[in-house]
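First comes the structure, then the notes that go with it.
No experiment lies behind these values; they were computed from the predicted model shown. Counting from 1, the numbers follow the sequence of the chain as shown.
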Amino acid sequence: MEFLVFISYVFFSFLLFLFLNFFTKKFHLTKIEYVLFTNIFLVFLAGIASYFRFSIFCDDLFIIVVFEFLIRMVCTTYLLEKDFFAKEEGVLQLYLCNVVVAYLLNQLIIRQVDMVFLDAEQLKFLLWVFIILFFYNFFYKKKELSLTKEAISKRLELSDKKQYIITQYAKMKQKYGKNIHVKDDMRFLIYALMIYENYKRPSIFRQIDYFRYQFDHIPKKQGIMQVDSKKILSDVESIEFIEKKFEKSQEKKKTKKNVINSSSLLKNIGKNKEEIVQIEKVYQYLKEFSEL
């Protein structure tokens, strides 16, 4: 019997290896999702084993994750010829964490119950939880979609709203003026980009992005300047980042420091033609306003 259990552990470790490879490749799993999918796989196996009264299989179920770890290490090292223990990748810590979580799940939960699958009463409770989460997600998505459409509508009209632009300029200048160190026209371009990005992605959306990042760690545009970043940036940090990008691009030009090519600078930070046109209109409004 013990030999049969051992063989089954080896067999399911290969299945887990293939299962994780498929989901990681198709859905680009984060580290947390990787650990969760691994342990969901174990719970599903434990549920089937407990249903058929094969309780001995559940006693050391975490060994499947240990075997999967060894299989992945061998494949990475000898088949893919990569350094499995490379510190910068952080994979070793991930897999060790996966084994620890699987062990705790096995010892503290799976081994302590006779039946892993839910009974009728538990399923009833779970059904209502699912219904509540479904409605929450449904209305949340609808609200976000509505806000997105409103933001897009506003963005298309931005270049015609001179009064709004000037009002926002005054607010941004009061709030972030001390954090902007560039001078002359480049300073106006920073404000123009700030007003445009804040209009396109208001503060409420940025707060949602910050909240989501705490859980999924998926890189998103950060800060009021909407900078592509793998870490969270505050509004001030995003302004400083764009300043440095502009200054670095300007240093490569042979023109005077106070003479800028706004289209070139915006293109260098990844703006497309439509965005450049919108931002440059705001930029011109700000320059005209400063000359009054």
Side-chain angles (χ1 to χ4, degrees), residues 1-134 137 214-218:
M1 180 63 74
E2 291 183 359
F3 179 74
L4 177 62
V5 172
F6 177 81
I7 293 298
S8 64
Y9 285 165
V10 174
F11 172 75
F12 284 115
S13 66
F14 275 102
L15 286 186
L16 177 60
F17 175 76
L18 297 174
F19 171 81
L20 291 174
N21 281 355
F22 172 78
F23 273 84
T24 301
K25 184 176 181 181
K26 188 171 182 64
F27 300 105
H28 305 287
L29 300 181
T30 63
K31 292 182 178 180
I32 293 177
E33 289 170 341
Y34 186 93
V35 174
L36 287 175
F37 269 99
T38 300
N39 288 277
I40 288 171
F41 183 89
L42 290 188
V43 170
F44 183 75
L45 287 181
I48 295 175
S50 62
Y51 180 80
F52 289 103
R53 306 298 178 182
F54 190 32
S55 58
I56 190 174
F57 178 80
C58 300
D59 289 345
D60 297 302
L61 197 63
F62 75 94
I63 292 178
I64 292 175
V65 181
V66 176
F67 285 162
E68 191 276 336
F69 167 73
L70 296 175
I71 292 169
R72 190 168 299 278
M73 182 172 62
V74 171
C75 288
T76 303
T77 305
Y78 296 102
L79 296 182
L80 300 180
E81 296 183 346
K82 293 182 179 180
D83 184 6
F84 182 80
F85 299 97
K87 292 183 179 179
E88 61 272 13
E89 297 295 334
V91 293
L92 181 59
Q93 293 87 337
L94 169 62
Y95 298 136
L96 290 176
C97 176
N98 206 16
V99 171
V100 171
V101 172
Y103 174 79
L104 294 175
L105 174 70
N106 192 180
Q107 300 300 111
L108 301 180
I109 299 178
I110 294 176
R111 294 188 64 174
Q112 305 303 320
V113 297
D114 295 326
M115 178 62 69
V116 176
F117 283 143
L118 302 177
D119 58 28
E121 285 297 319
Q122 292 169 329
L123 282 173
K124 182 174 70 173
F125 171 76
L126 187 63
L127 176 62
W128 280 107
V129 171
F130 173 78
I131 291 172
I132 292 170
L133 290 176
F134 169 76
N137 186 66
Q214 303 299 324
F215 298 95
D216 58 27
H217 296 286
I218 298 175

message: The criterion is side chain to side chain contact (heavy atoms under 4.5 Å, CB included); which residues satisfy it with Phe11, sequence neighbours excluded?
response: Leu15

Contact check, side chains of Phe44 and Ile48, non-hydrogen atoms, under 4.5 Å: yes

message: Could you tell me if the side chain of Phe62 sits less than 4.5 Å from the side chain of Leu105, heavy atoms only?
response: no

message: Could you measure the distance from the CG atom of Leu92 to the CE atom of Met73? Nearest 0.5 Å is fine.
response: 9.0 Å

Phe57: ring-ring contact (aromatic ring centres under 6.0 Å, His included) partners, not counting sequence neighbours: Tyr9, Phe12, Phe54

- prompt: To the nearest 0.5 Å, how far apart are OH in Tyr95 and NZ in Lys31?
  reply: 10.0 Å

- request: Using the test side chain to side chain contact (heavy atoms under 4.5 Å, CB included), find all partners of Val74 that sit at least two apart in sequence or belong to another chain.
  value: Tyr78

task: Please name the residue in the list Asn39, Thr38, Ile32 that meets the side-chain contact (heavy atoms from CB on, under 4.5 Å) test with Leu36.
output: Ile32

field: Test side chain to side chain contact (heavy atoms under 4.5 Å, CB included) applied to Ile40 - qualifying residues, sequence neighbours left out
entry: none

task: Supply the atom-to-atom distance Asn21 CG to Lys26 NZ, rounded to the nearest 0.5 angstrom.
output: 14.5 Å

message: According to salt bridge (Lys or Arg N to Asp or Glu O under 4.0 Å), does anything in residues 60-69 pair up with another residue at least two apart or in another chain? List the pairs.
response: Glu68-Arg72

- request: Of all the heavy-atom pairs spanning Gln112 and Gln107, show the shortest one and how long it is.
  value: NE2-O, 3.0 Å

task: Output, in order, the C-alpha distance, side-chain angles, deciding distance and verdict of side-chain contact (heavy atoms from CB on, under 4.5 Å) for Asn106 and Leu42.
output: CA-CA 9 Å; Asn106 192 180; Leu42 290 188; over 6 Å; no

query: Can you name the side chain to side chain contact (heavy atoms under 4.5 Å, CB included) partners of Cys75, sequence neighbours left out?
result: Phe17, Ile71, Leu79

- prompt: Quick one: are the ring centres of Phe23 and Phe19 less than 6.0 Å apart?
  reply: yes

statement: Minimal heavy-atom distance between His28 and Glu33, with the atoms involved, is O-OE1, 4.3 Å

- request: State, to 0.1 Å, how close Cys58 and Ala49 come at their nearest heavy-atom pair, and which atoms those are.
  value: SG-CB, 3.8 Å

Interatomic distance, Ile63 atom CD1 to Phe67 atom CZ [nearest 0.5 angstrom]: 6.0 Å

message: Is it the case that the side chain of Asp59 and the backbone of Arg111 share a donor-acceptor pair, with hydrogens and angles ignored and the cut-off at 3.5 Å?
response: no

